[in-house]
There are 2 protein chains.
Amino acid sequence: MIEHTGSGDPARTLALLWRTQERVSRKGKPDLSVDRIVRAGIELADSDGLKALSMRRVAESLGVGTMSLYTYVPGKGELIDVMVDTVQATTGRETAQGWRAHLTYVARENLALYRRHPWLLQVAPSRTVLGPQVAAKYDFELRGLDGIGLSDVEMDSVLELVLGHVQNSARGLTAAAVTEKETGLTDQQWWDAAAPFLMTVFDPARYPVAARVGGAVGEAHQSAFSPEHSFEFGLEMLLDGVGRLIESRAL
Amino acid sequence: MIEHTGSGDPARTLALLWRTQERVSRKGKPDLSVDRIVRAGIELADSDGLKALSMRRVAESLGVGTMSLYTYVPGKGELIDVMVDTVQATTGRETAQGWRAHLTYVARENLALYRRHPWLLQVAPSRTVLGPQVAAKYDFELRGLDGIGLSDVEMDSVLELVLGHVQNSARGLTAAAVTEKETGLTDQQWWDAAAPFLMTVFDPARYPVAARVGGAVGEAHQSAFSPEHSFEFGLEMLLDGVGRLIESRAL
DNA sequence: CTACCGTACCGTATCGTGTACGGTACAGAG
DNA sequence: CTCTGTACCGTACACGATACGGTACGGTAG
């Protein structure tokens with residue numbers, strides 16, 4: 001289940017993200033607000049996953065009617081957009097010495113973000129959410145790459161590459177937990193149910209390398225060691241490549 | 001919208017993937033079949049996206065009632081699983097000289113696969129679909145990394161890293177098209193609608209680097225050059241890192 | 001040839017979505 | 001007190017997946 005966001009008018013979405021509406025509201029007593037709704041949405045998604053996020057459930061958790069939400073938020077897509085932007089603010093902004101330490105820090109912070117909010121992986125990254133928190137984070141992350149010889153486009157490409165790797169790693173790290181909640185089946189249970197059947201059908205003669213490697217990976221996975229190591233190992237490789245690029249630009 | 005797959009019994013799903021059921025069916029005249037259903041599903045997803053894939057629409061395109069599908073397929077999740085497995089068979093299997101050429105070939109083939117079937121990006125990669133085509137592809141892709149000094153787990157990690165990069169690149173490359181279909185808005189239209197508002201709110205003083213780099217990336221994007229280049233550039237970096245690893249293992 | 005029965009197919013119903021529309025009730029202004 | 005704008009919500013609709021209980025027919029047993 002990949003959720004698409006921001007259904008309609010971009011200007012409307014942006015106004016919401018940047019809170020431009022100046023909700024004066026003399027009349028009536030608004031006990032609801034965009035922030036309360038967004039907070040409730042984040043809580044719900046954190047605990048039960050994106051699939052469980054419905055307007056009805058958000059409204060219930062706030063003790064209001066479903067349609068009341070639409071006074072503050074144009075629709076579900078936009079709500080998710082604001083949730084995404086809001087959550088970016090929780091990443092750290094420490095300045096590190098040098099681009100390599102900076103990118104390592106950025107990678108770790110983003111990985112932690114995905115761990116706190118696994119549902120971010122379920123949101124389709126189709127059109128970037130251009131909210132204030134996203135902008136601030138983007139600015140911070142680029143700042144550590146500024147003035148070391150890379151072009152603007154290269155800075156963006158490098159950052160994108162690192163963040164992409166983080167996202168892949170996050171998938172590996174949180175997949176088990178998310179899938180377990182989604183399907184109600186432990187990885188172990190799933191394997192136990194699948195294994196006997198696979199035995200009869202997965203011919204090691206037809207797939208010799210896959211069988212051997214798959215087996216080894218399965219064993220390594222049980223020691224719960226592989227995903228973290230894979231993250232660090234991939235990051236090192238990337239940074240080495242980036243280092244070479246920077247050196248070539250510095251000449 | 002990320003679609004989750006394979007709802008229920010793993011054994012049932014695997015039996016479906018490997019076509020173990022031996023549908024003898026003396027009685028009645030089955031003009032329907034798993035393959036026909038899967039083909040229809042792939043066609044529908046190719047042209048209209050995963051979001052448009054509903055049991056009703058698949059049934060309609062086959063000229064049968066919705067519930068008839070359930071005679072052959074346990075549910076929508078399992079249908080998607082079979083679709084995913086089926087589509088893997090279309091990737092090339094040419095043997096290349098050396099691991100670097102092999103990985104480059106594998107990366108390109110996978111990128112092409114995503115281009116042919118963008119909906120693959122919308123399927124949650126939660127639990128690998130262990131079908132015959134996936135197994136065959138995995139085996140082929142690993143074979144080119146066998147016997148060059150890497151451990152089994154390392155072989156898998158390297159492959160995963162490359163495929164992850166391909167997936168990220170595929171997102172960049174196809175995002176525009178998919179999002180356009182999903183939202184009915186061109187990137188250009190979206191920007192035109194968003195730009196005037198962003199001007200008023202996106203303070204270059206607050207986000208100096210982001211503003212500069214974002215602008216440059218936007219311009220580069222218009223020349224439709226960046227994503228392909230980003231794919232190649234990232235791949236080179238990864239392969240350099242892998243080369244270093246292999247050298248260190250060869251000692 | 002008839003009776004039977006297993007199976008392919010499907011009509012209907014249930015429950016869950018997002019959200020459009022038309023109220024209702026209340027707070028503040030005149 | 002009247003008027004009006006707004007916060008909130010009840011209901012309805014158009015989808016979605018899929019459980020359940022038929023129906024109709026082809027092959028087989030007698």
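Every heavy atom of this structure was used, including side-chain atoms; hydrogens, water molecules and symmetry mates were not. A, B, ... follow the sequence lines: proteins, then strands. Residue 1 opens every chain.
For A/T90, the side-chain hydrogen bond (donor to acceptor under 3.5 Å, both in side chains) partners are A/R116, not counting sequence neighbours. With sequence neighbours left out, A/R57 forms a side-chain hydrogen bond (donor to acceptor under 3.5 Å, both in side chains) with A/D48. Applying the salt bridge (charged side-chain N to carboxylate O under 4.0 Å, His left out) rule to B/R36 yields no partners; only residues at least two apart in sequence or on another chain are considered. Annotation: ring-ring contact (aromatic ring centres under 6.0 Å, His included) contacts of A/Y207 (sequence neighbours excluded): A/F202.
Counting to the nearest Å, the P atom of D/dG16 and the NZ atom of A/K76 are 15 Å from each other. Distance CD (A/E60) to C1' (D/dC8): 16 Å, rounded to an integer number of Å. Remark: C1' of C/dT19 and CG of A/L79 are 14 Å apart, rounded to the nearest angstrom. Distance CG (B/D48) to C1' (D/dG16): 16 Å, rounded to an integer number of Å. Nucleotide D/dA17 holds its C1' atom 16 Å from the CZ atom of B/R57, rounded to whole Å. Put simply, NZ on A/K51 is 14 Å from C1' on D/dG16, counting in whole angstrom units. The distance from atom CE of B/M55 to atom C1' of C/dA13 is 18 Å, rounded to the nearest whole Å. D/dC20 atom P lies 13 Å from atom OH of B/Y70, rounded to whole Å.
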Could you write out each protein N or O paired with an N or O of nucleotides 10-12 of chain C at a distance under 3.5 Å?
residue: C/dC10; atom: OP2; partner: B/G65; partner atom: N; Å: 2.7
residue: C/dC10; atom: OP2; partner: B/S68; partner atom: OG; Å: 2.5

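Note on A/L53: only backbone sugar-phosphate atoms sit closer than 4.0 angstrom, heavy atoms only; bases stay farther off.
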Listing, residues 133-141 of chain B side-chain donor-acceptor contacts under 3.5 Å, not counting sequence neighbours, or none:
residue: B/K137; atom: NZ; partner: B/N110; partner atom: OD1; Å: 2.9
residue: B/K137; atom: NZ; partner: B/E141; partner atom: OE2; Å: 3.3
residue: B/Y138; atom: OH; partner: B/D156; partner atom: OD1; Å: 2.7
residue: B/D139; atom: OD1; partner: A/V209; partner atom: N; Å: 2.9
residue: B/D139; atom: OD1; partner: A/A210; partner atom: N; Å: 2.6
residue: B/D139; atom: OD2; partner: B/R143; partner atom: NE; Å: 3.1
residue: B/D139; atom: OD2; partner: B/R143; partner atom: NH2; Å: 2.8
residue: B/E141; atom: OE2; partner: B/N110; partner atom: ND2; Å: 3.0

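Side-chain contact between A/R39 and A/D35: present, with at least one pair of heavy atoms (C-beta onward) separated by less than 4.5 Å.
Residue whose closest nucleotide on DNA chain D sits further toward the 5' end, between B/S54 and A/R56: A/R56.
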